[in-house]
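Quick notes on the structure that follows.
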Amino acid sequence: MDLDKTEFAVIGGSGTLSGNFPLGVDDTGIELLGENLAIDTPYGRSPAFRLFSVDGQRVLTCKMHGWRSGVSRADASRQIFWVFRQIGVKRIIAEGGVGSANHLLDPRDFIIPHDYIDLSLRKDVGLEGKYLLVMREALCPEIRSVLIDTVKEHYHGRVFARGIYAVTEGRHFESPAEVAMLKGHADIIGQSLCPEVYLAREIGACYAGLYFVVNYGEGVVKDWSHQELTDIFFNDAPLISKIILAAIRKLSPKGKCGCSALRKETLLKEVYK
Ligand SMILES: CSC[C@H]1O[C@H](OP(=O)(O)O)[C@H](O)[C@@H]1O
């Protein structure tokens with residue numbers, strides 16, 4: 001792979017990248033520079049990347065949540081972020097489908113969460129563990145603000161500009177009792193934000209995501225249909241791709257948000273030696 005400097009990356013979920021993201025959405029100004037780009041990293045061979053030029057801005061895309069057999073989430077994310085660091089990625093946009101834990105949220109609502117609760121079992125990851133990661137404003141306020149505006153411009157449905165994302169280990173969804181426990185603490189539930197948010201901070205990159213509600217958590221309403229979830233995942237991909245592309249076009253590679261300053265060189269090694 002041509003490891004030239006690339007400042008933007010998109011981590012796609014089941015929605016966008018199962019399609020042909022971002023081609024076929026708006027081909028003007030978009031050039032495919034490479035595909036099937038799998039890289040050997042210290043953590044194993046990475047998933048396949050695609051590299052695009054969007055109005056001259058290089059954008060690396062990957063689909064992280066494909067559950068490659070035999071590869072743990074911790075390793076998959078380290079592979080991806082190791083590559084991001086090599087090529088100087090500074091701004092990462094993620095997207096994914098989520099369940100609603102808040103009765104005010106319905107399928108086909110967009111939400112741009114401002115915070116998260118990590119209930120996953122993917123704690124002990126990291127590239128070298130050299131930094132103390134301060135998780136204040138972990139979801140980049142600047143990218144979030146651009147995503148909120150961009151959804152409003154492109155979508156006639158509802159968009160929620162704040163919310164808390166509870167990250168579960170999966171692969172199952174939650175029981176009614178688990179959803180009841182989360183109510184009042186989290187608005188949405190998914191499996192796709194940690195450990196990416198930690199790794200983004202570790203490499204000094206901004207990270208924020210755009211999430212589409214694809215189901216109700218158990219017990220939030222009486223019943224929901226699995227068919228609707230599948231329909232949403234497969235039919236709304238072009239819309240999500242369109243929003244992400246438009247957001248990238250508005251963002252500059254260097255933010256004024258200060259995300260990278262929240263990574264502190266740690267003295268833990270000294271303390272524990
Ligand atoms: C296929 S539903 C479960 C899966 O969907 C979400 O991920 P993504 O859309 O990012 O692939 C959710 O977080 C779960 O991992």
Side-chain angles (χ1 to χ4, degrees), residues 9-22 47-50 60-69 71-77 79-81 84 92-102 105-113 115-122 125 138-139 143 147 151 160 163-175 178-179 182 186-200 207-218 220 224-244 247:
V10 176
I11 299 180
S14 317
T16 45
L17 299 186
S18 51
N20 199 22
F21 177 83
F49 292 99
R50 282 170 160 189
L60 192 68
T61 72
C62 65
K63 179 172 168 144
M64 171 105 112
H65 316 125
W67 293 320
R68 282 183 297 155
S69 62
V71 183
S72 71
R73 276 294 299 255
D75 279 341
S77 40
Q79 292 157 9
I80 288 170
F81 279 82
F84 285 177
I92 302 163
I93 298 181
E95 68 81 20
V98 291
S100 110
N102 180 331
L105 289 169
D106 295 316
R108 292 195 167 79
D109 284 339
F110 273 108
I111 179 161
I112 290 91
D115 209 345
Y116 64 91
I117 300 171
D118 184 0
L119 302 170
S120 78
L121 308 170
R122 308 164 193 155
V125 293
L139 302 171
I143 299 184
L147 284 172
V151 177
F160 289 79
I164 296 181
Y165 184 136
V167 186
T168 59
E169 181 65 23
R171 67 187 160 94
H172 49 268
F173 286 2
E174 297 64 40
S175 68
E178 288 170 330
V179 176
L182 287 171
D187 302 291
I188 50 173
I189 315 173
Q191 303 158 37
S192 310
L193 191 142
C194 297
E196 296 92 303
V197 69
Y198 308 130
L199 287 157
Y207 180 94
L210 167 71
Y211 299 93
F212 206 39
V213 178
V214 296
N215 62 283
Y216 292 102
E218 287 308 322
V220 171
W224 57 274
S225 105
H226 192 264
Q227 185 56 46
E228 189 180 14
L229 178 147
T230 320
D231 288 349
I232 297 174
F233 263 125
F234 291 104
N235 297 331
D236 291 307
L239 167 68
I240 295 166
S241 299
K242 196 172 166 179
I243 293 167
I244 292 177

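Each ligand, and each atom within it, is numbered from 1 in the order the structure gives. Heavy-atom basis, side chains included; hydrogens, waters and symmetry copies ignored.
- In E95, the part holding a heavy atom less than 4.0 Å from any atom of ligand 1 is the backbone.
- In this structure, of G96, G99, G170, S192, the residue bringing a heavy atom nearest to atom 7 (O) of ligand 1 is S192.
- Ring geometry for F84 versus F49: interplanar angle of 30 to 60°, hence tilted.
- In this structure the side chain of V167 never reaches within 4.5 angstrom of the side chain of L119, judged on heavy atoms.
- For ligand 1, none of its N or O atoms has an N or O atom of G190 under 3.5 Å away.
- With 3.5 Å as the limit, one finds a donor-acceptor pair spanning the side chains of S120 and D118.
- Residue Y165 touches ligand 1 through its side chain alone, judged by heavy-atom distances below 4.0 Å.
- Using a 4.5 Å heavy-atom threshold, the side chains of L105 and Y216 count as separate.
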